[in-house]
Amino acid sequence: MLDKTYDPTQFESKLYDFWMDKGYFTPKAEIGKPYFSIVSPPPNITGQLHIGHGLDNAIMDTVVRFKRMQGFNTLWLPGTDHASIATEVKIVEQLKKEGIDKHDLGREGFLARAWQWKEKYGGRIVEQLKKLGSSCDWSRLAFTMDDKCSEAVRKQFVSMYRKGLIYRGNRIINWCPVCKTALSDAEVEYSEQDGHLWHYGYTTPDGETTVVFATTRPETMLGDTAVAVNPNDPRYTHLLGKTVIVPFVNREIPVIADEYVDMNFGTGAVKITPAHDPNDFEVGVRHNLPVIRVMNDDGTMNENAGEFAGLDRYEARRRIVDRLREMGRLVKVEAHKHNVGTCYRCHTTVEPIVSRQWFVKMQPLAEPAIRAVRDGEITFHPERFAKTYFNWMENIKDWCISRQLWWGHRIPVWYCDDCGAEICEETDPTECPNCGSKHIHQDEDVLDTWFSSALWPISTLGFYRDSDDFKAFFPTSVLSCGYDIIFFWVARMIFSSLYATGQVPFRHVLMHGIVRDEQGRKMSKSLGNGVDPVEFIDKYGTDTLRFALINGVANGSDIRFAPDKIEGTRNFMNKVWNASRFVLLNADGKQLTDIAKCRLTLADKWILTRLNDTVTEVTDLLEKYELGMAAQTLYDFVWSEFCDWYIEFTKPVLYGTDENARRDTLSVLCYVLDAILKLLHPFAPCITEQIYQAMPNHAESIMIQPFPTKRTDLDFRDDARLVEELKDLVTKVRNIRSEYGVAPSKRIRLYVEVTDERIRECDLYLVKLCNLEEAVFAPAPDGEKTVRAVGTAAACEVPLGDLVDKDKETERIRKELDNVCGEIARAESKLANPGFLEKAPAQLVDNERAKLAKFTELRRQLLARLDELQ
RNA sequence: GGAGGCAUAGCUCAGUUGGUUAGAGCGCUCGCUUCACAUGCGAGAGGUCGUAGGUUCAAGUCCUACUGUCUCUACCA
C-alpha cells in the first residue's frame, strides 16, 4: 500500500537501481528490428549537472520511454565530452593555484593531470545524470577521447585530408591571447563595447598630401602595408599609384584602389593591415601586399612594432594615440560603439591574426548537408530552426580546426625534418615515406573539440568498426539539444556523418530553449540565480523537475522556471499519489473483473470514452514530439476529469451496498488508473512505477508494459455526451447553492424534470454531487418557491423558500438568456450564409444545426421560466 | 546590414494542416476541516487575441505594412 504522503525521496533512487538491475536500459543490437535510438549530447567533463541538462534529459527520457513501451528496440546511448579548451582552461587554473605553469609539467605530465581530472569529474556528472531517472544504457557509456572515438577522429581526418577537404594554410583566424589558441568563428562571441574612432593620416614622401582615414585599432598601423580607396572615388584618383609613409616604422606603402572601400563611410580611405584584419587580409591577397604581424601570441607587440615592441596591445594603442597627438597628426577622435569579438571560454577580446592553421574546406560538405534538410531526410522541431540552419550553412566559411592546446585529439600529421614532407596516416609513421628519414615530428596542435563531437553519433555506435550497434541503431531517430548549439554541433554532425557514411546522423532534431529564472534572465554563476538540479531533486524529486520543465512548454521556446510553477507541478504529483491511494484503499483485497465483462455505469462509460480520447491525443502528440501538449493533456485529464468527476461519481457506488456494482466500479477505477500510470510514465517515471507496484495484478515493471492504445470496444460516445450534460446540470445547481448562500453542508431537495429519460439513472450522482437529501423526478409542487437550473437533458428546481428573490432570479435568468440568444444569433447567421452551407465541411454544418437546436430549446425553457416569474 | 521569435486574462504562458461559447497555472473574490488529497474542494470575476489593411463561407491562427520587444547572425574601417 502507498504511504500516506507522497515523498519521492523514499523511492526514486531505489527504483532506478531496480531498473538498472533488471537491465531494462540495455537493448541488444538486433539488426533489422524496428528500433528507436538516441545518442545523448555529451556533457563536458568540466562541469556538473545544470538545469539545461535536466531539460535535455527529461525530453530524451520521455521520448525514449514512450518508444520503448511502444515496442521499439530502444537505445539511448550516453557519454561525456573531453571539452578540449574548456577543460584545459580549468586545469591550468588549478595548476596555477598550486604555483605550477603547464609548461613546467610538459605535455606528458599535463595530459596525465587531465586524465585524472576526467576520472574525477567525468564520473561525477554521470552519477548526477542518473539522479534524473534517465533510462540510458550505461553499459555503452562513451567518452570523446576513448579508443573508439579517437579512432573515428583519426580515420575521418585522414580521409578528409586525402580528399583535400582538410588543408593547412596561412589565414586570418581568431586568436585568444589568454587561452593562446586559435578559435573557430563559432567560438567567438560578439559584444557591443564603447570605443573610439581615431582619425589621422599618412603623408606622401614629398610632404604635400595627407590621406586621412579612421581606425578603431591604431596599434595595427604598425603592420599597415597599404592605404585603400574606392576606384570610383574622384577625391583620390590623383593619389592612386602614389605612396605614403607610415609614421614610427617609416614604411613607404602604396595607395591602392579596391571595391571593398565604401566611399560614403568616413573619409573614404582605409588603412590596410593584412596581418590583423580579415577584410584587409583579403585586400592584401588581391593586391599582393606584404603581411606584417606586429603582435605576439600573448597580445603584446612584437619586434615589428619598433619602439612599441613589448608593450601590451592596449598600452601600445594609448602610446600611439598620444604620440600622434603630440605630432599634431590626430585630426579627430570620436566616441564609437562597435562590436568586439570575445573568446567564448574566457571572454577576452580576440585578436584577428594571420596564422598557419588547419582548416576544413566547407563548401563541398555544406551542399549535401543543406540538401538533406531541404529534402526532409532530417526534420527540425519546430521547423523554423531549419531556417537558422540554412542561413548558416549557406554562408559558411572554412572551419579552423587546429588548437594550440594539449588536451584533445592530436593532429595526426607528421613533418619530415629532412625533406619537409607532410605525412598523414591512420597509423603513426616511424619514418618519412618520401625520403626514409627517421627524423620526423608530429604536429603540436590538437583538434577543435567539436571535430570529435561532430562524429559522436557514428563514433559511439562504431561506424568505423563495422559494429552491430551501428547496423542496428543508425541513423539515430532523434537528436535533442538546445538551439544555442545548432552551429557548433547539429550542423557539424550532419555534414560529418553525410561525408563518412553517406547517411544522415538522425531523423528528427528536437530543439529546446533556455531555462531562465523567474524574471526571465539566463541562469548564470555570476548572477547566482541557477537552480541546482541535484538539490532540487533531493527536495522535490525528479518527476516534479521533469514535469515542470516539460508540461505546457512549446518546442524551442525558453522556459521560465518559477517557484509557483514548481509548486503546481509538485501538487499534481501529490494529486496523482492521492487519487491512486483512494483507488488502492478501496480495491485492497477485493476481487476485480475483466473490464470487458463489467456492467458499466454511465460514469464508467464516460470515463472510458474520455480515456480513449486522451490515449489517442497523447499518442499523436508524442509521435509529433509535442511533449508539452501531451503532458498538458494528461494533466487535465487526470485532474479535471478523473479526480474531479470520475472519482466523485464512484463514491456513491463504492459506499453503497451493491457488491457487484462495487466490484465493477473498482475494476473500472483500476483499469483507468492503470492506463493513466502508463500514459504518464514517460513523463514521470518514478511515481508511476511506485504506484504501479502497488496495483493489483501488476507485472514486473511498468516501464516495459505496452503503451495504452484506444479500446474501440469501450467507446460510448452517446453516454459520454449525456454525462457532460449531467456535469453541466450539477455545476448549475452548485452555482445556485453558492449564489444563494446555501451552506455546503445543508442537504436540500431537488426537483428534476427530464427531457432525456436516461437522466433518471443519474439519481445517485445528483444526490452525491449536489449534496441532496433526495432528487425528486417531478415538477416542484405548486406554491413551492424555487430557483431553476436549465439544461438540455433536464431542468432542475432548487426549492429555496423565502431565500428566493424574484428580482435576483429574473436577473439571473435574463443574463443566461442573453448568452443563449447570442449563441442562437451566431448559429443562425452562419446557417443563413449560403457560402457556409456550400463550402464548409458537412460535419461542421451539422454541428452548427445541433447547436442551434440545443440553444433554441434552452431559450424556450428560459423564457417559460421568465413568464412564471412575472 | 541580414534572419528569426514574441506581442492572447492582473502575472507566466498553451492554443500545429483556418472551423464548437479562446484555455491553463498562479493571483483575485465568495464559500467549505465533504471519510484520497487544505500540496485540497466548490462557485465566480477577469480577454474587442499589439495596430491597420487584405485573403476566405469562416482568421488568435494565413498574407502585407506598421509599432513595441527579445534573440541569433554579419560586421564598414
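A note on names: the letters A, B, ... follow the listed sequences, proteins ahead of strands, and every chain is numbered from 1. What you see is a predicted model, and the numbers here were worked out from it, not measured in a lab.
The shortest distance between the side-chain N/O atoms of A:Lys4 and the OP1/OP2 oxygens of B:C37 is below 4.0 Å. When the side-chain nitrogen and oxygen atoms of A:Lys575 are compared with OP1 and OP2 of B:C41, one or more of them lie within a distance under 4.0 Å. For B:C41, one of the phosphate oxygens OP1 or OP2 lies less than 4.0 angstrom from a side-chain nitrogen or oxygen of A:Trp639. Between B:A24 and A:Lys565, no contact under 4.0 Å exists linking OP1 or OP2 to a side-chain N or O. When the side-chain nitrogen and oxygen atoms of A:Asn279 are compared with OP1 and OP2 of B:C76, one or more of them lie within a distance under 4.0 Å. Distances shown here put a side-chain N or O of A:Tyr190 below 4.0 Å from the OP1 or OP2 atom of B:C75. The side chain of A:Tyr655 contributes an N or O atom lying less than 4.0 Å from OP1 or OP2 of B:A36. When the side-chain nitrogen and oxygen atoms of A:Asn735 are compared with OP1 and OP2 of B:G44, one or more of them lie within a distance under 4.0 Å. Neither OP1 nor OP2 of B:G5 sits under 4.0 Å from any side-chain N or O of A:Arg384.
In this structure, A:Lys651 forms a cation-pi arrangement with A:Phe582, its terminal cationic atom sitting closer than 6.0 Å to the ring centre and no more than 45° off the ring axis. Judged by the 6.0 Å and 45° rule, A:Arg610 forms no cation-pi pair with A:Trp639.
Listed nucleotides: B:C57, B:C13, B:C26. Nearest to the side chain of A:Asp564: B:C26. Listed nucleotides: B:A74, B:C57, B:G42. Nearest to the side chain of A:Asn339: B:A74. For A:Leu585, whose side chain is taken as the heavy atoms from C-beta onward, the closest listed nucleotide among B:A36, B:A77, B:A45 is B:A36. Closest to the A:Asp262 side chain, of the nucleotides B:C76, B:G4, B:A36, is B:C76. Nearest nucleotide to the A:Ser738 side chain, out of B:A22, B:A43, B:A36: B:A43. In the set B:C76, B:A43, B:C75, B:C76 carries the atom at the smallest distance from any side-chain atom of A:Phe265.
Look at B:C35: it lacks any Watson-Crick or wobble partner with both distances under 3.5 angstrom. Pair assignment for B:G68 gives B:C6, based on Watson-Crick or G-U wobble hydrogen-bonding distances that are each under 3.5 Å. For B:C13, the paired nucleotide is B:G23, the pair qualifying as Watson-Crick or G-U wobble because both relevant distances are below 3.5 Å. Across all strands shown, B:G42 is found opposite B:C30 as a Watson-Crick or G-U wobble partner, with both distances under 3.5 Å. Pair assignment for B:G60 gives none, since no Watson-Crick or G-U wobble pairing has each distance under 3.5 Å. Base pairing of B:A74 is not made with any nucleotide, judged by Watson-Crick or G-U wobble geometry with both donor-acceptor distances under 3.5 Å.
The environment of CD in A:Glu383 is sparse: at most 12 heavy-atom neighbours from other residues, nucleotides or ligands sit within 6.0 Å.
Under the 4.5 Å side-chain criterion, counting only non-hydrogen atoms from C-beta, A:Lys768 is in contact with A:Glu648.
Classification of the A:Phe547-A:Tyr635 ring pair by plane angle, with boundaries at 30° and 60°, yields parallel.
At a threshold of 4.0 angstrom between heavy atoms, the contacts of A:Arg737 with the nucleic acid are absent. Across all strands, A:Glu648 comes closer than 4.0 Å to base atoms (heavy-atom distances). Residue contacts shown for A:Ser745 are absent, as no nucleic acid heavy atom lies under 4.0 Å away. A:Ile272 comes within 4.0 angstrom of no nucleic acid atom, judged by non-hydrogen atoms across all strands. Across all strands, A:Arg581 comes closer than 4.0 Å only to sugar-phosphate atoms, never to a base (heavy-atom distances). Backbone-only engagement by A:Asp644 is indicated by non-hydrogen atom pairs under 4.0 Å involving sugar-phosphate atoms exclusively. Residue A:Ser557 is classed as a sugar-phosphate contact, given heavy-atom separations below 4.0 Å to backbone atoms only. Contact annotation for A:Phe855: base contact, defined as any heavy-atom pair under 4.0 Å involving a base atom. Residue-level contact check: A:Glu626 touches the bases, meaning some heavy atom is under 4.0 Å from a base atom. Residue contacts shown for A:Leu621 include a base, since a base heavy atom lies under 4.0 Å away. Among the heavy atoms of the strands, none lies under 4.0 Å from A:Phe572. At a threshold of 4.0 angstrom between heavy atoms, the contacts of A:His336 are confined to the sugar-phosphate backbone, with no base atom among them.
Ring centroids of A:His508 and A:Tyr625 are separated by less than 6.0 Å, placing the two rings close together.
The only option from A:Phe385, A:Trp489, A:Phe380 that meets the ring-ring contact (aromatic ring centres under 6.0 Å, His included) definition with A:Tyr483 turns out to be A:Phe385.
Atom CG of A:Asp543 is separated from atom CZ of A:Phe572 by 10.5 Å, given to the nearest 0.5 angstrom.
Interface remark: the A:Asn574 side chain does not form any donor-acceptor pair with the B:C37 base, using a distance-only criterion of under 3.5 Å.
Between A:Asn391 and A:Ala579, the residue whose closest nucleotide on RNA chain B is further toward the 5' end is A:Asn391.
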